[in-house]
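In each ligand, atom 1 is the first atom listed, and ligand 1 is the first ligand listed. Everything numeric here is computed off the predicted structure, so don't read it as measured data. Quick note: residue numbers are just sequence positions, from 1. Note: hydrogens, waters and symmetry copies are ignored here, and every other heavy atom, side chains too, is used.
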Amino acid sequence: MSAPAEPTMPAYDPNNIFAKILRGEIPAHTVYEDAETLAFMDVMPQGEGHTLVIPKAPARGLLDAEPASLAALAATVQRVARAVKAAFAADGLTVFQYNEPAGGQTVFHLHVHIVPRHEGVPLRRHEGGMADPALLAGHADRIRAALGA
Ligand code: AMP
């Protein structure tokens, strides 16, 4: 019996919107940056303070990322998650990551979502609507302050 075919994944597209943010071609409300990772506000937040963390190394998702890049990503997710929780006096956090359209992914550069949560407040719809840029700038300031930046 032959082995099942390996499912193939499309190649990384360097023109995805997060690659453009990394190259400085489009703006973002950045809260944290180091040599390997970048964190910025989600423009369509599912809750106040919804933040995204991405590796700088190109990867479509979890499956094609290099382990060293994933390690750096995880460290930044934890660092930023602590700051987000403090900045929004959250009771908890929802952290999630989607892979491929069937998994709910819409931007094909690996990213981790961090959403502060408060008891009894439901998550808003994924990609529910654009937030006011001034509001996002204020939220980014709060997170940067909590990071001690
Ligand atoms: P997904 O690929 O499904 O995990 O979701 C992509 C996320 O990126 C969504 O939550 C969008 O609101 C968010 N997003 C899309 N474009 C931008 C952008 N230019 N800046 C910040 N967040 C974005």
### Query
Has the side chain of Arg117 got a donor or acceptor atom that lies under 3.5 Å from a matching backbone atom of Thr94?
no
### Mutual orientation of the aromatic rings belonging to His113 and Tyr98 [parallel < 30°, tilted 30-60°, perpendicular > 60°]
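His113 and Tyr98: tilted rings.
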### Message
I want to know whether His109 and His111 have ring centres closer than 6.0 Å.
### Response
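No.
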### Pair Phe88 and His139, ring centroids less than 6.0 Å apart
yes
### Query
Listing by chain and number, which residues have a heavy atom under 4.0 Å from ligand 1?
Ile17, Phe18, Ile21, Phe40, Met41, Asp42, Val43, Met44, Leu52, Tyr98, Gly104, Gln105, Thr106, Val107, His111, His113, His126, Glu127
### Task
Give the minimum heavy-atom separation between Arg23 and Asn15, together with the two atoms involved.
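Residues Arg23 and Asn15, closest heavy atoms: NH2-OD1, 3.6 Å.
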### Message
How long is the straight-line distance from CD1 of Ile26 back to CD1 of Ile17, given to the nearest 0.5 Å?
### Response
4.0 Å
